[in-house]
Peer 1: 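Let me begin by handing over the structure; questions about it come next.
Start at 1 with the first residue, then count along the sequence.
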Amino acid sequence: MAIRNIVKDGDDILTKKCRPVVKFDQKLHTLLDDMAETMHRANGVGLAAPQVGILRRVVVIDISPEQNQVLELVNPQIIAFSGEQEGNEGCLSFPGQWGIVKRPNYVKVRAQDRFGEEIEVEGKELLARAFCHEIDHLNGIVFKEVAERMLTRREIDSMNAS
Ligand code: CO
């Protein structure tokens, strides 16, 4: 496994639409392993392949505090959602920036695992938010574009102080 560079704000790759994965081979497995390691090292709860420079529909998510329950989603699609939540959202590609983003409170996703088997996963609250945020990345959409507004410097400072 290896840590990969995280693409940052201003890089065009974050605005590109990703292609589906068609080969469930060792190269994909290495990408998934590297993405999980990179996400954990950066203390993130999710990472999408374009954030490491790969324009493929691949996402890893880990919202557990112990950070060892990695969800691997290949070619994920939202197939159901309900409710609404509004809260702070950040992104490993936009360090130090936070926005208030409305998301569904419940989301169900159909995807494939690393071997190409179809899986369905569902989540609410933070996990539902992570599904939406990461799948947006695969379509070239970053949270700043869908945020109600971005937090001010002052708001971020008081968030860090509490
Ligand atoms: Co992000």
Side-chain angles (χ1 to χ4, degrees), residues 4 6-9 11 13-18 20-21 31-32 34-52 54-114 118-153 155-162:
R4 302 208 185 186
I6 297 177
V7 170
K8 294 297 188 328
D9 191 5
D11 194 314
I13 203 158
L14 294 174
T15 68
K16 302 244 158 75
K17 195 169 155 75
C18 297
V21 170
L31 173 64
L32 283 160
D34 288 356
M35 284 173 62
E37 193 177 0
T38 304
M39 169 181 68
H40 284 151
R41 182 68 64 89
N43 293 314
V45 296
L47 191 68
Q51 292 181 276
V52 293
I54 306 289
L55 287 171
R56 290 285 178 182
R57 305 188 77 81
V58 177
V59 157
V60 294
I61 292 172
D62 187 353
I63 60 152
S64 61
E66 63 275 17
Q67 303 215 320
N68 56 10
Q69 294 178 321
V70 179
L71 268 175
E72 299 177 341
L73 303 175
V74 180
N75 300 327
Q77 283 180 285
I78 293 174
I79 55 168
F81 63 91
S82 65
E84 190 178 83
Q85 57 175 319
E86 191 179 66
N88 286 346
E89 203 167 302
C91 178
L92 292 176
S93 294
F94 298 81
Q97 300 187 50
W98 296 86
I100 295 172
V101 187
K102 270 189 191 154
R103 299 287 192 186
N105 199 48
Y106 165 85
V107 173
K108 187 173 188 179
V109 172
R110 182 175 295 153
Q112 285 165 286
D113 68 11
R114 61 165 60 202
E118 189 175 292
I119 53 169
E120 282 185 7
V121 288
E122 56 184 357
K124 52 187 183 170
E125 294 155 8
L126 179 59
L127 186 53
R129 180 175 290 284
F131 286 149
C132 296
H133 179 113
E134 301 311 332
I135 291 171
D136 271 357
H137 271 301
L138 305 182
N139 296 317
I141 297 164
V142 297
F143 80 111
K144 288 175 82 164
E145 291 171 59
V146 294
E148 307 284 299
R149 66 176 183 87
M150 296 302 287
L151 295 193
T152 62
R153 181 79 255 160
E155 286 172 318
I156 293 167
D157 286 347
S158 68
M159 191 170 80
N160 292 337
S162 62

Peer 1: How long is the gap from CD on Gln85 to SG on Cys132, to the nearest 0.5 Å?
Peer 2: 7.5 Å
Peer 1: Nearest 0.5 Å please: distance from the CD atom of Glu118 over to the CG atom of Asp113.
Peer 2: 10.0 Å
Peer 1: State, yes or no, whether a side-chain contact exists between Glu120 and Ile79 at a heavy-atom distance under 4.5 Å.
Peer 2: yes
Peer 1: Between Leu127 and Val121, is a side chain to side chain contact (heavy atoms under 4.5 Å, CB included) present by the stated rule, with each step listed?
Peer 2: CA-CA 10 Å; Leu127 186 53; Val121 288; over 6 Å; no
Peer 1: To the nearest 0.5 angstrom, please state how far the NZ atom of Lys108 sits from the OG atom of Ser82.
Peer 2: 11.0 Å
Peer 1: Of the non-hydrogen atoms in Ala48 and Val59, which two are nearest, and what is the gap between them?
Peer 2: CB-CG2, 4.2 Å
Peer 1: For residues Cys18 and His137, report the shortest heavy-atom separation together with the two atoms involved.
Peer 2: SG-O, 4.4 Å
Peer 1: Please examine the side chains of Asp34 and Val52, heavy atoms only from C-beta on, and report whether any two atoms are closer than 4.5 Å.
Peer 2: no
Peer 1: Decide yes or no on side chain to side chain contact (heavy atoms under 4.5 Å, CB included) for Ile100 and Asn88, but give the supporting numbers first.
Peer 2: CA-CA 5 Å; Ile100 295 172; Asn88 286 346; 3.7 Å; yes
Peer 1: Between CD1 of Ile78 and CZ of Phe131, what distance do you get to the nearest 0.5 Å?
Peer 2: 9.0 Å
Peer 1: Mind listing the closest non-hydrogen atom pair of Gly123 and Ala128 along with its distance?
Peer 2: O-CB, 3.5 Å
Peer 1: Who pairs with Ala111 by side chain to side chain contact (heavy atoms under 4.5 Å, CB included), at least two apart in sequence or on another chain?
Peer 2: Leu73, Pro76, Val109, Ile119
Peer 1: Under 3.5 Å, is there a donor-acceptor pair between the side chain of Arg57 and the main chain of Leu138?
Peer 2: yes
Peer 1: How would you list, by chain and number, every residue that makes a side chain to side chain contact (heavy atoms under 4.5 Å, CB included) with Val7, sequence neighbours excluded?
Peer 2: Asp11, Ile13, Leu14
Peer 1: Checking Lys144 now: which residues fulfil salt bridge (charged side-chain N to carboxylate O under 4.0 Å, His left out) with it, not counting sequence neighbours?
Peer 2: Asp9
Peer 1: Between Met35 and Val58, does a side chain to side chain contact (heavy atoms under 4.5 Å, CB included) hold up when you go through it step by step?
Peer 2: CA-CA 9 Å; Met35 284 173 62; Val58 177; 3.8 Å; yes
Peer 1: Less than 4.5 Å apart, side chain to side chain, heavy atoms only: is that true for Thr38 and Leu92?
Peer 2: no
Peer 1: Would you mind reporting whether Arg4 and Ile54 have side-chain heavy atoms less than 4.5 Å apart?
Peer 2: yes
Peer 1: In Å and rounded to the nearest 0.5 Å, what is the CG to CG distance from Leu47 to Asp62?
Peer 2: 11.5 Å
Peer 1: Go through it in stages, so that I can follow the logic: the residues are Ile63 and Arg129, the test is side chain to side chain contact (heavy atoms under 4.5 Å, CB included), and I'd like the CA-CA distance, side-chain angles, deciding distance and then a yes or no.
Peer 2: CA-CA 10 Å; Ile63 60 152; Arg129 180 175 290 284; over 6 Å; no
Peer 1: Working to the nearest 0.5 Å, report the span between CG of Leu32 and CZ of Arg114.
Peer 2: 5.0 Å
Peer 1: Sequence neighbours excluded, which residues qualify as side chain to side chain contact (heavy atoms under 4.5 Å, CB included) partners of Lys8?
Peer 2: Ile6, Pro95
Peer 1: Please check if the number of heavy atoms outside Glu86 that lie under 6.0 Å from its CD is greater than 12.
Peer 2: yes
Peer 1: Check whether any side-chain heavy atom of Asn139 sits under 4.5 Å from a side-chain heavy atom of Lys17, and report yes or no.
Peer 2: yes
Peer 1: Under the ring-ring contact (aromatic ring centres under 6.0 Å, His included) rule, collect the residues that match up with Phe94, sequence neighbours excluded.
Peer 2: Phe143
Peer 1: Considering residues at least two apart in sequence or located in another chain, which fulfil the side chain to side chain contact (heavy atoms under 4.5 Å, CB included) criterion with Asp136?
Peer 2: Arg103, Ile141, Val146
Peer 1: Does a side-chain heavy-atom distance below 4.5 Å link Lys16 with Pro50?
Peer 2: no
Peer 1: Using a 4.5 Å cut-off on heavy atoms from C-beta on, say whether the side chain of Gln51 contacts that of Glu134.
Peer 2: yes
Peer 1: I'd like to check Asn105 versus Glu125 (side-chain heavy atoms, cut-off strictly below 4.5 Å). Are they in contact?
Peer 2: yes
Peer 1: Count the heavy atoms of every other residue, nucleotide or ligand shown that sit under 6.0 Å from CZ of Phe81, and state whether that count exceeds 12.
Peer 2: no
